[in-house]
Student: 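Mind looking over this structure? Questions follow.
Position 1 is the first residue of the sequence; numbering continues from there. These numbers come from a predicted model, not from an experiment. Basis for what follows: all heavy atoms, side chains included, without hydrogens, waters or symmetry-related copies.
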Amino acid sequence: QVQLVESGGGLVQPGGSLRLSCAASGGIFTINDMGWYRQAPGKERELVAIITSDLSSTYADSVKGRFTISRDNAKNTIYLQMNNLKPEDTAVYYCGARIRITRWSYDNSYWGQGTQVTVSS
């Protein structure tokens, strides 16, 4: 069974840094896009950054120049390096991935359980 497990959240002061990790495991044939999303209280979930299997990345305007997404295909893992964090970055961060479990199946979307990031002095 496919699982995505995030780690690395926590409490940080404005201007600080955090690094999130997300590892995919289980019966995986191939992983296509992987990405980070976030949801703040009272708001809808939004895309933060996404990275393709050939390592092309896209960012939300609000995090460009501050966040960097990276991927280790050998480990089925993605990372999100977050620098110069702001209070408005406070949210639950979720890892999502489009995964194919057999050669003949279609891609399905999978989600992690989320990790809390709080930016506060």
Student: Any chance you could measure Met34, atom CE, to Cys95, atom SG, to the nearest 0.5 Å?
Tutor: 4.5 Å
Student: Among side-chain atoms of Arg38 and Tyr93, is any donor-acceptor pair under 3.5 angstrom?
Tutor: yes
Student: Would you say Val117 ends up clustered with Leu4 if hydrophobic residues are merged whenever their side chains have heavy atoms under 4.5 Å apart, either directly or through other cluster members?
Tutor: yes
Student: For Phe67 together with Trp36, are the ring centres under 6.0 Å from each other?
Tutor: no
Student: Under a 4.5 Å side-chain heavy-atom rule over Ile, Leu, Val, Met, Phe, Trp and Tyr, are Val92 and Val48 clustered together?
Tutor: no
Student: Once rounded to the nearest 0.5 Å, what's the spacing between atom OG1 of Thr58 and atom CG of Leu47?
Tutor: 8.0 Å
Student: Any side-chain heavy atom of Val119 sitting closer than 4.5 Å to one from Glu88?
Tutor: no
Student: Can you name the closest pair of heavy atoms from Arg98 and Ser109 and give their distance?
Tutor: NH1-OG, 2.8 Å
Student: For residues Ile31 and Arg71, determine if any side-chain heavy atom of one lies less than 4.5 Å from a side-chain heavy atom of the other.
Tutor: yes
Student: Using a 6.0 Å cut-off, check whether atom CD of Gln1 has over 12 heavy atoms from anything other than its own residue.
Tutor: no
Student: Quick one: CD1 on Ile99 to OG on Ser105, what's the gap to the nearest 0.5 Å?
Tutor: 10.5 Å
Student: May I ask you to check whether Ser17 and Asn83 show a side-chain donor-acceptor distance below 3.5 Å?
Tutor: yes
Student: Under a 4.5 Å side-chain heavy-atom rule over Ile, Leu, Val, Met, Phe, Trp and Tyr, are Ile78 and Ile28 clustered together?
Tutor: yes
Student: Which heavy-atom pair separates Ile69 from Gly35 by the least distance, and what is that distance?
Tutor: CD1-CA, 4.3 Å
Student: In Å and rounded to the nearest 0.5 Å, what is the OG to NZ distance from Ser25 to Lys75?
Tutor: 14.5 Å
Student: Would you name the heavy atoms of Ala40 and Ala91 that are closest together and state the gap between them?
Tutor: N-CB, 3.8 Å
Student: Hydrophobic clustering (ILVMFWY, side-chain heavy atoms < 4.5 Å, transitive) - are Ile51 and Tyr110 grouped together?
Tutor: yes
Student: Should Arg100 and Asp107 count as an ion pair when the cut-off is N to O under 4.0 Å?
Tutor: yes
Student: Could you go through Asp54 and Ser56, starting from their C-alpha distance and side-chain angles, then the distance that decides it, and tell me whether this counts as side-chain hydrogen bond (donor to acceptor under 3.5 Å, both in side chains)?
Tutor: CA-CA 6 Å; Asp54 60 359; Ser56 175; 5.1 Å; no
Student: Specify the closest pair of heavy atoms between Gly9 and Leu20, including all atoms of both residues, with the distance to one decimal.
Tutor: N-CD2, 3.6 Å
Student: What closest approach, in Å, do Ser120 and Pro14 show between heavy atoms, and which atom pair accounts for it?
Tutor: C-CD, 3.6 Å
Student: Drop me the distance from Ile50's CD1 to Asp33's CG, to the nearest 0.5 angstrom.
Tutor: 4.5 Å
Student: Drop me the distance from Leu80's CG to Ser70's OG, to the nearest 0.5 angstrom.
Tutor: 8.5 Å
Student: One thing to verify: whether Asp61 and Lys64 come together as a salt bridge, which I'm taking to mean a side-chain N less than 4.0 angstrom from a carboxylate O.
Tutor: yes
Student: Who are the side chain to side chain donor-acceptor pair (under 3.5 Å) partners of Arg19, not counting sequence neighbours?
Tutor: none
Student: If I compare all heavy atoms of Tyr94 with all of Gly114, which pair ends up nearest, and what's the gap?
Tutor: CD2-CA, 3.6 Å
Student: Transitively linked via ILVMFWY side-chain contacts under 4.5 Å: Tyr59 with Leu55?
Tutor: yes
Student: Take a 6.0 Å sphere around CD of Gln116 and say whether it holds more than 12 heavy atoms from other residues, nucleotides or ligands.
Tutor: yes
Student: Is any side-chain heavy atom of Met82 closer than 4.5 Å to a side-chain heavy atom of Arg66?
Tutor: no
